[in-house]
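Quick note on labels: first sequence line is chain A, next is B, and so on, each numbered from 1.
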Amino acid sequence: MGKSLVIVESPTKARTIEKYLPKGYVVRSSMGHVRDLPKSKSEIPKAYQDKPWAEISVNYENEFEPIYIISRGKKKVIDELKKELKDADELILATDEDREGESISWHLTEILKPKVPVRRMVFHEITPEAIQAALAETREIDENLVRAQETRRVLDRLVGYTVSPLLWKKIGGQLSAGRVQSAAVKLLVDRERERLRFRTGSFWDLRATLARQDIPFDARLHAVDGTRIATGKDFDEQTGRLKEGAKARLLDEAQARELARSLETAAWTVLEVKEKPETRRPAPPFITSTLQQEANRKLNLSARRTMQIAQDLYQRGFITYMRTDSPVLSDQAIRAARHWVESEYGKDFLSPKPRQFKPKAATNAQEAHEAIRPAGDRFKAPRETGLSGEELKLYELIWKRTVASQMADAKQTQITVRIEAANAEFRATGKRIDFPGFFRAYVEGSDDPDAALEDQEKPLPPLAAGDTVDLQSLEAVAHETKPPARYTEASLVRALEEKGIGRPSTYASILGTIIDRGYVRAERKALIPTLKAFAVTQLLEQHFPELVDLDFTRDMENVLDRIAAGEADWLPYLRDFYNGPTGLRTIASQREAEIDVQQARQIELPDLAPHEVRIGRFGAYAVVHLDDGNTVNVNLPDELSPDQLTPEFLRELAEQKASG
DNA sequence: CAGTGAGCGAGCTTCCGCTTGACTT
């Protein structure tokens, strides 16, 4: 009786699958990619070391052939696979069914050079039935998909290893640029620029505490003499003043206090009670990006920590695979979730029909896996797992989110009450939960700490038009408009995922990369780009605008999809991208001669003239212009955030330096 | 240690995406 060697990517998967396959099937894992381009000069094979393209390890002078080497640490894996293959009658490649997985299978055939028949097997569910079915329906390696992956790999190398050296020459060593990281840094820098341009606006309004039948409630001033009172939305972010043409009245402190005094003796009457019914649907089951966001919001875990815990839960059989971009639940998962809804919350809380979820159309989802959910066809309740601490909390989060996805919609009513007092109109808002539905199990978190919890009632006393209400207190309240919030790791991951930038396996490491390069600093949860990030982003915007365009990845993905479908050729695409008259190589070598180092190291910041901020050999410094016409250079500490750079602050630094 | 920010030469840095477990702090 012969033996079949089956290769998957993950050892955990290998163990599970082996149980579902007949005797004689040996399942081993590749541990991800096994070959790649050389990382540094020391890894380049001797035969290529003197080529002009050696460092990039892609022959752009000819047909963009990549030089592949066995990745560091994968020699043992390969030796083991070779050994197993020796006495096997066939090789079955069962890596993930996506671009990267197809490529791993192809690389394996290139390295193992099997003399036995090779079959490609794919499955999306790890159940005995799905595995059996997959075994019966094997195919060949999809060469077009492999070329699409190779094109992606080569393009990323061309970008990274062509632009980074230019940054070393013009700004400083150890810097880097890449399709993903440069887009992430651009997002952070753009947000910081918005904050720098932002001007605070201030306004006043009134808050009344009213009561009906001794039940108190709050109402806010809405209009005076029929004209709406200005709120934050009416302000121009650039000037801090009311937007031009805003049909709202701005109250200052004196006016607000005067109005409050005049209303103390007024009669307060309900004009209208408006009720608006609303339906809320549960969030889709977790994918990698949403798991990272929610674990950050609710458990205060970093993306990296979340993935460590999830990996552990996966390897111990508690959850399905944690790196996925598909929210799809298998039929068995839907049944298991609905079972828990019935037993924990009752039949009334089931959604009338099973809910299935599709990936967002805008993303580049490749759907090799299903959603992140409790494993198996009968989810273990959190209390049955024997888990504790962060592991229990994360499992519970996944369990609740999955179960909630099969629960009924929540029904609620938004209530708006208009109240008149002399020439002023006040408004009170309330919320009533008519049927909690999935709120019972799980409500998605918010990045805005001020946002009201979605599942919270906000009660109002019974009110009807014509009712009079009692004034208990009335006060003038000052408000200030706030600049757009800085990104957090969670909101950055969401932004990248929305743009299709990065993959489930890389979200957690993107932040690590840009922190290592000195492009960003985390203060509590806020991500603050450094002056270095400003300098690099400026240079890229000016000379390589397409690389920091947030649609760059999307455009690339469209081409890759066409390559995978056999509708487009990879070679002309790469040639055009790199070698053509407007190609990256051409532009980069032109710019190398043209870009002035002094100018590249100078950072454009609003409202700083005549002072200047530059990146020097030893970090950032400012050229401060003194009143006597002289200038003095002062160091800028690394932990300085761009919004602290004001002319006053720079003068202070200069004085400190003079006296200290 | 404080303070640097020029220019020459050497050699080095760098991308993204797939996986764990072996390292160190």
What integer distance in Å separates [X]:[atom1] from [N]:[atom2]?
| X | N | atom1 | atom2 | answer |
| --- | --- | --- | --- | --- |
| A:Glu150 | B:dC16 | CD | P | 18 Å |
| A:Ile501 | B:dC16 | CD1 | C1' | 13 Å |
| A:Gln308 | B:dG21 | CD | P | 14 Å |
| A:Tyr621 | B:dG3 | OH | C1' | 13 Å |
| A:Lys13 | B:dC18 | NZ | P | 12 Å |
| A:Leu93 | B:dC18 | CG | P | 18 Å |
| A:Tyr68 | B:dC18 | OH | C1' | 13 Å |
| A:Lys39 | B:dG17 | NZ | C1' | 10 Å |

Every protein N/O within reach of nucleotides 7-13 of chain B N/O, cut-off under 3.5 Å:
{"unit_1": "B:dT13", "atom_1": "O2", "unit_2": "A:Gln174", "atom_2": "N", "d": "2.8"}

At 4.0 Å (heavy atoms only), tell me whether [X] reaches a base, stays on the sugar-phosphate, or touches nothing.
| X | value |
| --- | --- |
| A:Asn635 | base |
| A:Ser164 | base |
| A:Gly160 | base |
| A:Val159 | nothing |
| A:Tyr321 | sugar-phosphate |
| A:Thr95 | nothing |
| A:Arg157 | base |
| A:Pro165 | base |
| A:Gly101 | nothing |
| A:Arg179 | sugar-phosphate |

Exercise: do [X] and [Y] side chains pair donor with acceptor under 3.5 Å:
| X | Y | value |
| --- | --- | --- |
| A:Ser42 | A:Ser40 | yes |
| A:Arg120 | A:Thr95 | yes |
| A:Thr162 | A:Arg585 | no |
| A:His33 | A:Glu100 | yes |
| A:Glu102 | A:Ser105 | no |
| A:Glu150 | A:Tyr68 | yes |
| A:Glu370 | A:Thr320 | no |

Among [options], which nucleotide has an atom closest to any side-chain atom of [X]?
| X | options | value |
| --- | --- | --- |
| A:Pro11 | B:dG5, B:dT20, B:dC16 | B:dT20 |
| A:Gln181 | B:dC15, B:dC18, B:dT4 | B:dC15 |
| A:Tyr161 | B:dT20, B:dT14, B:dC16 | B:dT14 |

Short side-chain N/O contact from [X] to OP1 or OP2 of [N], under 4.0 Å:
| X | N | answer |
| --- | --- | --- |
| A:Ser176 | B:dT14 | no |
| A:Lys76 | B:dT19 | no |
| A:Gln311 | B:dT19 | no |
| A:Ser10 | B:dT20 | yes |

Go through the N and O atoms of the side chain of A:Arg153 and the base of B:dC15, and report whether any donor-acceptor pair is under 3.5 Å.
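By the distance-only test, yes, there is a pair.
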A:Arg152 (side chain) and B:dC16 (base): donor-acceptor pair under 3.5 Å:
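Indeed there is one.
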Min side-chain heavy-atom separation A:Gln542-A:Ile595 under 4.5 Å:
no
Donor-acceptor under 3.5 Å (A:Thr109 side chain, A:Trp106 main chain)
yes
